[in-house]
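I have placed the structure first, in the form of structure tokens, so that the comments after it can refer back to it.
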Amino acid sequence: MSSCISDLSKEDEAIFQHLQDALNRTGHICSEPDQQLLQALEDMIPVVITSIFDPLLALVEKHPDLSIMRTLLKDTKLAWNTIPLGTIPEDVEGLCIRSTILDSIYFWTLQARSMVDDSDRQLPGLQTCPCICLKLAIIYSRIALARDKNPDGRGHFDLACLLKKQSERHGNEEVIEEVVVMFREAYKLSPTREMLHPLVDSLLARFSASGAISDIDEAIDLMRQSEERKVSEDGQIILCDAYRTRFSVCQNPDDLTATLSIIEKALPDGGQARTPEQYWGRLMSISRTIPAGTMNTEQGTLMLEIYRKLLKLLHSVSEPGLDLELSLPRLLSFEGLPSEAAAHALSLSLPEKAVEMLEMGRNLFWYQTRQLQTTINARRSADVYKLRKMQDKFRHLLKKARRIKGYENLMKEPDYTFSSLAAAAEKGPVVVLVGADVSCHAVIIRSPSSSAEHIKLSGVSLKQIRNMTQKLKKIATRSRECIREGSEFIDDISRAGKQSMPATEDLLRTLWVKVVKPVIDVLGYEKAAGRDRPRIWWYPTGAFTFIPLHAAGDYTANGSCCSDYVVSSYTQTLGTLCNAREGLDSVVLSGPKALLVAEPDAPKLERLPNVIREVKTLASIIPPNAVIHLGDEQVNDWLPEHGTSVQAVVTHLPEASILHLACHGIQHDSQSGHHRYATDALRSGFCLRDGDLTVFQLLRLDLPRAFFAFLSACDSAKGDASQSDQSVHLAAAMTFCGFRSVVGTMWSMGDQDGPEVAAGIYKELFKGETMDPDDVPYALDEAVQKLRARKIMTHLETVNFHIKVCEL
């Protein structure tokens, strides 16, 4: 215990050393301890109170991040006050109460240390090591067990739990061994499930330390005997872990089958499950260590059914009506599930099933928000309890509503079928890209009546795709810094033994050769120009979401690129593309109204002088009666000092069928925020004169005339890399609000690029009496090609600007 005393005063250290000497004389306390040890223990209680507990209680009272602990620590304080300190307890109960309170202080001190920043861990109440509390709790528990004349197993159980905490912190083999002994004795005296499960856990922990397979065998035998009587969810998880651990050692396929069978039976088919995250974690462990190709038919089928059930359960994890503070973080726990499920289905040669599974799990946040468009507010931990109570009430009302005839399926998870999803290929092929840890794939849907075609992208791995994303981000960042500093950007990459070549060009060539060209070859497309090129819709998932597929190509003198064959568009899901086409004619023919927004001087951001020129250029292209004016200002008379307010944009947006935003854009993600909330992405926004027009605010809007949005702003289609399955970015928010076609950017963009590209698109849109949705992708492609041909736009800028989200 000497490691625990460094933060104590000299007087307290002397008391502690006295206890240590007494304990050394007594040993492990298997019998009644001497009076000197008991007195030394009692002398340590005031030390714990003054050195650890009272400072912790005072800190919790004033530290905002620890407010949730106040009531619980006050209850512990009340328990302390009931104990006559200085009086050595004679009864077992008194000893147990002391042990329990000391254990509570140990637990809450560790909790507090984990909830504050590193700098705050030196504050009074957190700087003293709490291990002394655990060690004292163990001593009191040992004495109580030695005095218990009629043990019922509870004393052994309590001591084993304390020793387990000690072993988890220090990993002492002797302590691990004693944990097993104590739990086994507890189960012998009281053979209940409460005693059994910790015993099995301790056997598995001892196996991890010693590697003795007999521990796993005993754990499985104990669980099988118990679970034959009555199955519990906790028991299923423990037995699953035991079989999974034994399979990892012995490679017996029966153990793998047993593991998968337990998970499949434990998961409900829809509805709710108490701990679906635990099953997803175990499934990830299996899929990453056991290739699907090595599984037998039964195992592969079980895995597929588990994936299907987990995807179905996602709809209960993030139910309609659940506040974003609660739903997005839970969905983040399942990041990657849709792609892993699809990859497994593809390994079984089931491409249609793969498409269905992707649709079940992707963009769930947007789907369910659309199902119940309630007012969405950002709330933090102080309101979480209230929110959970409201959600319970919502579930109750929804259950009652489903009892009404005709409303049985109200807000239930959709029943996706490939035949209905294939309607997304009505205007041209959709290419689904799937990346999983084991392999990467493409699935082509040529038309609504065709079957799915599977291409295994054997030349590329998921790791390579992720590395490509990181390299492109670094290049974009370096380019942006050079622009700010006024220095020349050198886009190159040096490789041992090879001549240096532009880094962006190298990455785009790799993407062309290994991902995009194999798809073009299967489709049988040939080089063409202008509108003779067919359209293609890319449906990227996972890491592919952040890759510029449209810009893939070999840009050397005799090379080919994606835009030589097709004009690219993107969609978040097949359902999103189908929904965007519904009622389109009435929107296009109702008479366009364009809202042009420019903000050159957003607070604390670099000035954008060209955005004023940009909107003036567009105002000269768009018919005057189609331009919505912000307040009394005329766009042609716009002065930089006017700026644009958030409220002005929000007020006029419902009138608009076209929205053009020329300003700074900021994408937040769960890795960049100070607290790393999954909902930080919802604070992403367009930077205007008096604040940001955020995703939160956009979700509240009803925009019945929305048709086309041009987001001439940085990062508008970047997204949050930590939750790519949910596509939480500005361009996706525009799609949710009803815009059928959205042009956005993946990274920061040059201030000079926007006017050139935008002018080309709007000239095409307004060249006739009616607007043709097909004009947008062809006009964007033509504008980018012209700029590149004139060497105004580099490969990097082409990559950035050409991103389109849900183009029709």
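Keep in mind that the numbers below use all heavy atoms, side chains included, and drop hydrogens, waters and symmetry copies.
Enclosure of atom CD in Glu93 is not indicated, since only 12 or fewer non-hydrogen atoms of other residues, nucleotides or ligands lie within 6.0 angstrom.
The shortest heavy-atom contact between Gly361 and Leu311 is CA-CD2, 3.8 Å. Between Gly153 and Leu189 the shortest heavy-atom distance is N-CD1, 3.6 Å. In terms of heavy atoms, Val179 sits closest to Ser202 at CG1-CB, 3.8 Å. The heavy-atom pair separating Ile176 from Ala209 by the smallest distance is CD1-CB, 3.9 Å. When all heavy atoms are compared, the tightest approach of Leu145 to Gly155 is CD1-C, 3.9 Å.
A donor-acceptor pair under 3.5 Å links the side-chain atoms of Thr245 to the main chain of Asp241, judged by distance alone. No side-chain donor-acceptor contact under 3.5 Å links Ser339 to the backbone of Gly336. At distances below 3.5 Å, at least one donor-acceptor pair connects side-chain atoms of Ser167 with backbone N or O atoms of Lys164. In this structure, Thr109 contributes its side chain and Ile105 its backbone to a donor-acceptor pair below 3.5 Å. Checked by atom type and distance alone, the side chain of Ser261 never pairs as donor or acceptor with a backbone atom of Thr257 at under 3.5 Å. Checked by atom type and distance alone, the side chain of Ser287 pairs as donor or acceptor with a backbone atom of Met284 at under 3.5 Å. Side chain of His344 to main chain of Gly300: a donor-acceptor pair is present (N/O by atom type, distance under 3.5 Å, no hydrogens or angles). Between the side chain of Ser190 and the backbone N or O of Ala186, no donor-acceptor pair lies under 3.5 Å. Looking at Ser285, its side chain never comes within 3.5 Å of a backbone N or O of Gly281 through a donor-acceptor pair.
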(request) Would you sort out whether Leu196 and Met223 count as a side-chain contact (heavy atoms from CB on, under 4.5 Å), showing the intermediate values? (result) CA-CA 8 Å; Leu196 172 63; Met223 288 303 301; 4.0 Å; yes
(request) Decide side-chain contact (heavy atoms from CB on, under 4.5 Å) for Phe334 and Glu277; before the verdict, give the C-alpha distance in whole Å, the side-chain angles of both, and the deciding distance to 0.1 Å. (result) CA-CA 7 Å; Phe334 294 91; Glu277 293 93 339; 3.6 Å; yes
(message) I'd like to know whether Trp280 forms a side-chain contact (heavy atoms from CB on, under 4.5 Å) with Glu340, so could you lay out the CA-CA distance, the side-chain angles of the two residues, the decisive distance to 0.1 Å, and finally the verdict.
(response) CA-CA 11 Å; Trp280 165 226; Glu340 292 290 339; 3.9 Å; yes
(request) Under the side-chain contact (heavy atoms from CB on, under 4.5 Å) rule, what do Ser99 and Leu162 come out as? Steps first, then yes or no, please. (result) CA-CA 9 Å; Ser99 177; Leu162 294 170; 3.4 Å; yes
(request) Show your working on salt bridge (Lys or Arg N to Asp or Glu O under 4.0 Å) between Glu264 and Arg308 and close with a plain yes or no. (result) CA-CA 10 Å; Glu264 192 277 324; Arg308 186 191 68 81; over 6 Å; no
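Looking at heavy atoms from C-beta onward, Gln470 lies out of side-chain contact with Asn467 at the 4.5 angstrom threshold. No side-chain heavy atom of Asp103 sits under 4.5 Å from any side-chain heavy atom of Thr100. Within the 4.5 Å cutoff, the side chain of Tyr279 has no heavy atoms near those of the Lys309 side chain. Looking at heavy atoms from C-beta onward, Asp215 lies out of side-chain contact with Leu204 at the 4.5 angstrom threshold. Arg246 has its side chain out of reach of Asn252: every pair of non-hydrogen atoms, C-beta onward, lies at least 4.5 Å apart. Contact annotation: the side chain of Cys133 approaches that of Ile52 to within less than 4.5 Å [non-hydrogen atoms, C-beta and beyond]. Between Glu173 and Arg206, every side-chain heavy-atom pair lies at or beyond the 4.5 Å cut-off. Annotation: side chain of Phe107 is not in contact with side chain of Leu134 (no heavy-atom distance under 4.5 Å).
Between the CG atom of Leu239 and the OG1 atom of Thr259 there is a distance of 8.0 Å, given to the nearest 0.5 Å. From Ser104, atom OG reaches atom CZ of Phe53 across 9.0 Å, with rounding to the nearest 0.5 Å. Taking CD of Gln166 as the reference point, atom SG of Cys161 lies at 13.5 Å (rounded to 0.5 Å). Here the CZ atom belonging to Arg244 is positioned 5.5 Å from the CZ atom belonging to Arg282, to the nearest 0.5 angstrom. Rounding to the nearest 0.5 Å gives a distance of 11.0 Å between CG of Leu199 and CD of Glu185. Distance check, rounded to the nearest 0.5 Å: CG of Asn296 to CD of Gln299 gives 3.5 Å.
The residues Glu194 and Arg154 are annotated as salt-bridged, a charged nitrogen and a carboxylate oxygen being separated by less than 4.0 angstrom.
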